[in-house]
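The basis for the numbers below is simple: all heavy atoms, side chains too, and nothing from hydrogens, waters or symmetry mates. Chain A is the first sequence line, chain B the second, and so forth, proteins listed ahead of strands; every chain is numbered from 1.
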Amino acid sequence: MSKIISVNGLKKSFGKNEVLKDINFSVNTGDVTCIIGASGSGKSTMLRCINLLEEPTGGEIVYNGQNILETKNIPAYRAKVEMVFQSFNLFDNMTVLKNCMIGLRKVLKVDKETAKKEAMFYLEKVGMLPFINAKPRQLSGGQKQRVAIARALAMKPDVILFDEPTSALDPQMVGEVLEVIKKLAAEGLTMIIVTHEMAFARDVSNHVVFMHNGVICEEGTPEEIFKNPQKQETKDFLSRFMNN
Amino acid sequence: MVEFIKEVINIFTEYRGYFLQGIGYTMLIALSGTVIGLVIGLITGIIRTIPTSKNPIIRILLKIVNAVISIYVEVFRGTPMMVQSMVIFWGYAFMNNGATLPLIPAGIFIVSINTGAYMAEIVRGGIISIDKGQFEGAYSIGMNHWQTMLHVIIPQTMRNILPAISNEFVINIKDTSVLNVIGVTELYFFTAKISKMTWSIFETYVVACVIYFILTFTITRLLRFIEHKIDGPSSYSMNIDEDDVKEDR
């Protein structure tokens with residue numbers, strides 16, 4: 001197992017507000033890492049820093065041995081480390097199929113026929129093949145998120161970052177999205193998932209990171225974190241969740 | 001009343017050659033002015049929404065360009081088009097020893113540059129009103145800023161500003177009438193000429209009124225129809241195949 005991403009001493013402030021204070025962790029190829037923690041603990045900010053949607057104020061993010069904060073070609077890096085958002089962010093002016101083809105066509109410069117074939121392959125995987133000609137606004141939230149996952153998969157990334165992929169969904173749609181992510185985990189895709197779905201985090205991940213007030217408070221296997229948490233903050237957080 | 005209507009119809013049929021020529025030039029100037037104005041608006045709008053660069057030279061260059069665009073927008077929005085026409089037309093003659101610009105191109109130039117100033121603001125507003133998530137979605141799959149603008153942001157901006165474009169077009173159809181001050185042979189110019197030939201001033205201008213209204217009303221309806229066409233149906237039917245769906249919209 002080789003390290004694919006490691007985050008060393010990552011810091012991020014918005015003005016005087018220090019959101020991330022010295023974050024250190026790493027992800028091996030094939031890992032499914034779940035990041036849990038209360039709202040405002042810096043989970044999403046950290047994920048957005050890894051995708052460089054936010055510019056870190058300190059530290060380094062090493063991807064395949066290279067510090068990507070020094071890279072000139074950010075788009076090329078992002079094509080390898082894809083992101084799936086809470087609010088889907090599908091392109092509203094394109095059909096489902098076009099949404100999944102545009103990255104292949106314009107970023108990877110794949111020819112039209114191949115791009116279409118590959119987009120269809122991944123749309124089938126997420127069960128959205130019957131909707132290829134629909135526009136995003138004609139879809140439900142769960143359907144949109146599955147298309148967003150297919151769009152990320154079509155780029156054949158090394159890693160996919162999920163930023164609370166089910167937080168904007170109705171309860172009955174959460175399941176269909178989590179099923180897709182579980183399937184990808186079983187196929188060995190490297191993923192970092194920020195989530196509030198504790199049962200899902202326990203079942204799908206092999207590495208759980210608990211964040212609290214901008215630092216990593218505790219990390220370990222799902223058994224360690226969920227069955228036998230060491231820190232008081234972790235216990236408090238989990239007991240609040242289990243009671244709900 | 002019957003006499004009046006007869007006179008109105010009479011004037012139109014008798015001078016229809018003039019009226020049609022006037023309609024032709026009015027529409028030519030208004031349409032080209034709107035299209036060129038939109039192009040100016042798109043270029044300035046895209047420039048003004050370039051994210052701040054880390055390169056200091058590019059940053060300073062952008063600041064200068066932005067300042068020039070701001071001056072252009074403020075000056076052309078802040079002065080009447082009738083005055084602009086005179087200044088541009090006679091200014092050109094002043095600097096070229098009395099040689100004047102050809103009238104129709106001069107008219108198109110004046111309307112374009114005036115519309116461009118308004119379009120600059122319309123397009124900029126359209127771009128910044130697009131959800132930030134659309135940019136992030138594009139960046140996250142590895143698209144650069146230009147690809148994002150070209151494939152994702154500008155197509156959505158165009159849809160959103162279509163009502164404002166149609167508004168500008170209607171304004172231009174009416175406002176080309178001010179170009180008669182430099183002698184452009186548009187609809188108002190011919191109407192004024194005809195009214196002096198018939199001395200039925202009221203009836204002649206009623207004809208012009210009806211013509212202007214038909215032109216603007218048709219354009220408004222046409223663009224509204226295009227808007228609906230772009231939007232397509234709000235629900236998606238799965239039971240039809242690919243080609244049917246395309247024709248259906």
- Message: Going by side-chain hydrogen bond (donor to acceptor under 3.5 Å, both in side chains), name the residues that satisfy it together with B/His145, two or more places apart in sequence or in a different chain.
- Response: B/Tyr139
- Does the pair A/Arg146/A/Glu176 count as a salt bridge with the N-to-O cut at 4.0 Å? yes
- Query: Taking every heavy-atom pair that is under 4.5 Å apart, which of A/Met94, A/Glu82, A/Met83 has the most such pairs with chain B?
  - Reply: A/Glu82
- Query: Quick one: of A/Arg151, A/Arg137, A/Met155, who has the most non-hydrogen atom pairs under 4.5 Å with chain B?
  - Reply: A/Arg137
- Task: Answer with side chain, backbone, both or neither: which region of A/Asp92 has an atom nearer than 4.5 Å to a non-hydrogen atom of chain B?
- Result: both
- Item | salt_bridge(B/Glu121, B/Arg124) N-O dist < 4.0 Å | yes
- Task: Might you confirm whether atom CZ of B/Arg224 has over 12 heavy atoms from other residues, nucleotides or ligands at distances under 6.0 Å?
- Result: no
- Query: Given that the side chain runs from C-beta out, which part of A/Phe91 has a heavy atom under 4.5 Å from chain B: side chain, backbone, both or neither?
  - Reply: both
- Message: Does A/Glu113 have more than 12 heavy atoms from other residues, nucleotides or ligands lying within 6.0 Å of its CD?
- Response: no
- Top contributor to chain A contacts, counting heavy-atom pairs under 4.5 Å, from B/Met143, B/Gln147, B/Lys132, B/His151: B/His151
- Turns out that what part of A/Leu90 lies under 4.5 Å from chain B's heavy atoms comes down to backbone
- Query: Checking heavy atoms, do the side chain of B/Leu150, its backbone, both or neither come under 4.5 Å from chain A?
  - Reply: neither
- Task: Using the test salt bridge (charged side-chain N to carboxylate O under 4.0 Å, His left out), find all partners of B/Lys54 that sit at least two apart in sequence or belong to another chain.
- Result: A/Glu55
